[in-house]
Amino acid sequence: MPRYFFNLRHRPGPNGLSVDEEGDELADVSEVRSHALRVAERMIATDRLDMIRDWLECSFEITDEAGAPVMTVPFSNTVSEGEVWN
């Protein structure tokens, strides 16, 4: 099964990327996107990091085993259009 790396972009520039050194084995690209959204939802709900002020401005820059870009998944995609935040 191919391995994908979910690098966290938390601000612009080279210092705003946290590199995923381990990656995850997933069957295909549709599974990659679903996995990214599940992980993003969990991070938004549970992780508290000083370097991140607004989780919805973050994204995963996903690469394959060769380091080639596969897709970018914005954390804002975890929110349905029209959803109200209190």
Side-chain angles (χ1 to χ4, degrees):
M1 215 177 318
R3 184 171 292 275
Y4 297 92
F5 298 85
F6 295 77
N7 306 299
L8 175 64
R9 170 69 60 195
H10 52 88
R11 68 175 175 265
N15 294 330
L17 185 68
S18 297
V19 176
D20 176 6
E21 300 286 342
E22 295 179 23
D24 292 295
E25 291 183 346
L26 300 162
D28 57 34
V29 175
S30 67
E31 195 173 314
V32 168
R33 186 175 190 287
S34 296
H35 179 74
L37 291 171
R38 282 192 310 273
V39 172
E41 287 172 343
R42 187 178 69 237
M43 292 175 79
I44 291 168
T46 63
D47 291 356
R48 301 291 176 251
L49 302 173
D50 290 337
M51 68 182 174
I52 298 176
R53 294 177 188 211
D54 185 355
W55 280 108
L56 297 181
E57 292 180 2
C58 296
S59 61
F60 280 123
E61 294 180 4
I62 303 164
T63 57
D64 64 14
E65 294 171 294
V70 173
M71 71 177 69
T72 298
V73 178
F75 280 35
S76 60
N77 285 357
T78 63
V79 180
S80 300
E81 198 169 310
E83 190 171 334
V84 177
W85 289 66
N86 292 327

Participant: I need the full list of ring pair (Phe, Tyr, Trp, His ring centres under 6.0 Å) pairs touching residues 15-41, with sequence neighbours left out, sorted by first then second residue.
Facilitator: Phe6-His35
Participant: So, using side-chain hydrogen bond (donor to acceptor under 3.5 Å, both in side chains) as the criterion, who are the partners of Glu25 when residues are at least two apart?
Facilitator: Arg3
Participant: Are any of the side-chain heavy atoms of Ile44 and Leu56 separated by less than 4.5 Å?
Facilitator: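 Yes; the side chains approach each other to less than 4.5 Å.
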Participant: Would you say Leu17 and Leu8 make side-chain contact, with heavy atoms under 4.5 Å?
Facilitator: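 Leu17 does not reach Leu8 side chain to side chain.
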Participant: Same cluster or not: Val32 versus Met43, using hydrophobic residues (I, L, V, M, F, W, Y) connected whenever any side-chain heavy atoms lie under 4.5 Å apart?
Facilitator: yes
Participant: I would like to know whether Arg9 and Cys58 meet side-chain contact (heavy atoms from CB on, under 4.5 Å); could you show each step before the answer?
Facilitator: CA-CA 6 Å; Arg9 170 69 60 195; Cys58 296; over 6 Å; no
Participant: With sequence neighbours excluded, what pairs up with Ser30 under the side-chain hydrogen bond (donor to acceptor under 3.5 Å, both in side chains) test?
Facilitator: Asp28
Participant: What I'd like to find out is whether the side chain of Asn7 reaches to under 4.5 Å of the side chain of Phe60, using heavy atoms alone.
Facilitator: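 No; the side chains remain at least 4.5 Å from each other.
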Participant: Starting from the C-alpha separation in whole Å, work towards a yes-or-no answer on side-chain contact (heavy atoms from CB on, under 4.5 Å) for Glu22 and Asp20.
Facilitator: CA-CA 6 Å; Glu22 295 179 23; Asp20 176 6; 4.0 Å; yes
Participant: Just wondering, do Leu37 and Phe75 contact through their side chains at under 4.5 Å, heavy atoms?
Facilitator: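 Phe75 vs Leu37: side chains apart.
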Participant: Taking the side chain as everything from C-beta on, heavy atoms only, tell me whether Tyr4 gets closer than 4.5 Å to Asp24.
Facilitator: no
Participant: Measuring from Asp54:CG to His10:NE2, what's the distance to the nearest 0.5 Å?
Facilitator: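 Reported to 0.5 Å precision, the distance equals 13.5 Å.
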Participant: Applying a strict under-4.5 Å side-chain criterion to I, L, V, M, F, W and Y, I'd like to know whether Phe5 and Met71 cluster together.
Facilitator: no
Participant: What residues, two or more places apart in sequence or in another chain, satisfy side chain to side chain contact (heavy atoms under 4.5 Å, CB included) together with Thr72?
Facilitator: Ser59, Glu61
Participant: What residues, two or more places apart in sequence or in another chain, satisfy salt bridge (charged side-chain N to carboxylate O under 4.0 Å, His left out) together with Arg33?
Facilitator: none
Participant: Quick one: side chain to side chain contact (heavy atoms under 4.5 Å, CB included) partners of Ala45, sequence neighbours excluded?
Facilitator: none
